[in-house]
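Notes follow the structure.
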Amino acid sequence: MPFLEKLKNFFAPKWEPLICRPTDIIDLFRQDISIGAPLEDLTVEINGKPHHVGISSDYDKGRFFDIYFFLDDQCFKTLEGFVKKASVDGVLFSELETIKILSENLDSGDPRNSVLLSQREIK
């Protein structure tokens, strides 16, 4: 690795995982929908393995439509369906103790910038 790249990496802030509860992520989804921005894509660690959880939708002519919620390759048309059925290793996502967010959301940036999570003092 060239010297300048090593120097750049040394001064770049290191992103630390964020520990929260599944209900915090579900409430983050609710917030995204309420503000009209149903996009969230988080890499989380559950039982020592990475998983992708989030909301996606299509966008056209100034509006979002065909919103769906996902956990890896599981997709749900409603948040209620996601809460009742999304599971990892046979355990409902909504019933897990804690979730570790491993990386920034490419659409929304650092989840620590979320007002919802910061009000809950999740760091």
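Values below: all heavy atoms of this structure, side chains included; hydrogens, waters and symmetry mates excluded. Counting begins at 1 with the first residue of the sequence.
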- Task: Indicate yes or no: at least one non-hydrogen side-chain atom of L79 is less than 4.5 angstrom from one of R30.
- Result: yes
- Task: Could you grab the distance from atom CD of E40 to atom CD of Q31, nearest 0.5 Å is fine?
- Result: 8.5 Å
- Does any N or O in the side chain of S87 come within less than 3.5 Å of the main-chain N or O of F93, such that one atom is a donor and the other an acceptor? no
- Between I99 and I46, does a side chain to side chain contact (heavy atoms under 4.5 Å, CB included) hold up when you go through it step by step? CA-CA 6 Å; I99 304 291; I46 301 170; 4.0 Å; yes
- Task: Would you check if there is a donor-acceptor pair between the side chains of H51 and D72 at a distance under 3.5 Å?
- Result: yes
- Task: Work out which heavy atom in R21 is nearest to a heavy atom in E97; give both atom names and the distance.
- Result: CG-O, 3.8 Å
- Determine yes or no for a side-chain-to-main-chain donor-acceptor pair under 3.5 angstrom, with D27 supplying the side chain and D24 the backbone. no
- Item | Contact summary for Q74 and K85, nearest pair of heavy atoms | OE1-O, 3.9 Å
- Here the gap from D66 atom CG to S57 atom OG, rounded to the nearest 0.5 Å, amounts to 8.5 Å
- Query: Going hydrophobic residue to hydrophobic residue with side-chain gaps under 4.5 angstrom, can you get from F70 over to I26?
  - Reply: no
- Item | Separation between CZ of F82 and CZ of F69, rounded to the nearest 0.5 Å | 8.5 Å
- Query: Out of curiosity, S94 OG to I25 CD1, how far, rounded to the nearest 0.5 Å?
  - Reply: 11.5 Å
- Item | Joint cluster assignment, L71 & Y68, ILVMFWY side-chain distance < 4.5 Å | no
- Query: Under 3.5 Å, side chain of T78 to main-chain N/O of G81, donor-acceptor pair present?
  - Reply: yes
- Task: With the side chain counted from C-beta on, respond yes when K100 and V44 share a heavy-atom pair under 4.5 Å apart, and no when they do not.
- Result: no
- Message: Do C20 and I101 make a side-chain contact, defined as non-hydrogen atoms from C-beta onward lying under 4.5 Å apart?
- Response: yes
- Message: Run the side chain to side chain contact (heavy atoms under 4.5 Å, CB included) test on H52 and L42 for me, step by step, so that the C-alpha distance in whole Å, both residues' side-chain angles and the decisive distance to 0.1 Å come before the verdict.
- Response: CA-CA 6 Å; H52 292 279; L42 301 171; over 6 Å; no
- Query: F29 versus V53: any side-chain heavy-atom pair under 4.5 Å?
  - Reply: yes
- Rounded to the nearest 0.5 Å, how far apart are NZ of K84 and CG of L92? 11.0 Å
- Message: With rounding to the nearest 0.5 angstrom, report the CD1 to CG distance, I55 to L28.
- Response: 7.5 Å
